[in-house]
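Notes follow once the structure below has been shown.
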Amino acid sequence: MPALARRAPAAESISAETAAFAADTIAGLTALPKRLPPKYFYDAAGSELFERITALPEYYPTRTEIGILNEHAKDIAALIPDGAALIEFGSGSSTKTRIVLDAARQLAAYVPVDISAEFLLQQIDGLRSEYPRLTMLPVAADFSQPFEPPDAIAAMPRVGFFPGSTIGNLEPHEACSFLRQVGRILGGGSALIVGVDLIKDVQVLNDAYNDGAGVTAAFNKNLLARINRELGARFDLAAFEHHAFYNRERARIEMHLASCRRQRVIVCGRRIDFRIGETIHTENSYKYSLESFAVMARGAGWTPLAAWTDRKQYFSVHVLALPHEPPAAA
Ligand code: SAH
Ligand code: AVI
């Protein structure tokens, strides 16, 4: 089995992860309005469903960002020092990473960080044979919690990669603290390349989260399927509907699961009652303007160096730099 850094020994971490999932699920389902954290979408089934979303005709972000990264591959390579480690947050299938790895042959190590442990290992197995000279150091961790990068990169310069607009799934204040945490992990003088979805025509946004094939609906409902699988609940998936819409005031897509009828579901021994039409708020996907994202990055201590977009201005890739740390006072 390939090396996989975990924050706790395997047996303990499995039960600790399930306990945290149970606690967050109960807290969210007993709150008003009901909610569930979007990071729980990503078990092995959820990661596979997300991959299917990326190929949907309505879901423009993935192919648009790939276009931008391909166009600027040389600019990206120029940001990467010799012998550097590329740390990617929420690496998923590492599809976009290949653009960076192909352009920046000077990289010494790749550190994909993802909460979806099983999917992460599968993907990295494939990458190892494609890039045999690169040290692969997968980290199965929740990037919203403090975590230590692998010791093997202690002496390496670091570059951060956070594509996909996964930053949009964080509340803006969480995104700001996350950018600060990334700064602590990467260190002074480093660069961060981050993909950010842009505010645009409402129909384009709504279509992207309401695909005709129903894959986004299945991705949303996988959260209930996962609660059934891992916490022994009995949600009837047919009794919930996928709702996704753009909230213009908050500049975000909201995803909800709406109860089609009055119902009661037992979760971890707790009775959870639903009114007809009552929803569980499962995800926000914030959209930014080039300026609003740059302002947030500055607020988190980063200096925006560049922002690249596509012809339609649907998506953006920002390059942020962290100033060198001032010399320690004598
Ligand atoms: N970067 C890829 C995948 C984006 S999907 C792309 O651009 O296509 C979001 C990814 O982030 C998933 O792989 C998911 O498992 C991971 N993820 C979501 N929340 C996370 C968290 N809190 N900690 C670590 N990984 C997380
Ligand atoms: C991973 N993340 C940026 C996706 C998004 O667009 O917010 C997750 C997603 N939710 C529904 N479709 C895709």
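Read the numbers this way: they start at 1 and go in the same order the structure lists the ligands and their atoms.
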Within 45 degrees of the ring normal and closer than 6.0 Å to the centroid, is that where the cationic atom of K221 sits relative to F235? no
Could you check F143, F119, F21, F219 and say which one makes a ring-ring contact (aromatic ring centres under 6.0 Å, His included) with Y42? F219
Residues C260 and Q263: closest non-hydrogen pair is N-NE2, 4.3 Å
Can a non-hydrogen atom of Y59 be found less than 4.0 Å from any atom of ligand 2? yes
Is D236 salt-bridged to R261, cutoff N-O under 4.0 Å? yes
So for Y209 against ligand 2, with non-hydrogen atoms under 4.0 Å, the contacting part is side chain
Indicate the ring-plane relationship of F89 and F178, choosing parallel, tilted or perpendicular according to the 30° and 60° boundaries. perpendicular
Is E283 close to ligand 2, meaning an N/O of one under 3.5 Å from an N/O of the other? yes
How about H256 and F245: are their ring centroids closer than 6.0 Å? yes
Residue pair Y288 / P172, side-chain heavy-atom distance below 4.5 Å: yes
Below 4.0 angstrom from a heavy atom of S285, which ligand 2 atoms are there? Numbered from 1 as shown, please. 5 (C), 6 (O), 7 (O)
For ligand 2 and T216, I'd like to know whether there is a polar contact (N/O to N/O, distance under 3.5 Å). no
Take every heavy atom of G164, measure it against each atom of ligand 2, and state whether any distance is under 4.0 Å. yes
Less than 3.5 Å between some nitrogen or oxygen of Y42 and one of ligand 2, yes or no? no
Could you grab the distance from atom CG of L170 to atom OG of S177, nearest 0.5 Å is fine? 9.0 Å
From the options I167, N169, V215, select the one whose nearest heavy atom is closest to atom 2 (N) of ligand 2. N169
Applying side-chain contact (heavy atoms from CB on, under 4.5 Å) to D310 and Y60, what does each step give before you reach the verdict? CA-CA 11 Å; D310 55 294; Y60 62 84; over 6 Å; no
Shortest non-hydrogen separation from A45 to N222 and the atoms involved: CB-OD1, 3.8 Å
Residue S165 vicinity, atoms of ligand 2 by number, heavy atom under 4.0 Å: 3 (C)
Using a threshold of 4.0 angstrom between heavy atoms of the protein and any atom of ligand 1, which residues qualify? K39, Y42, F50, E88, G90, S91, G92, K96, D114, I115, S116, A141, D142, F143, P163, G164, T166
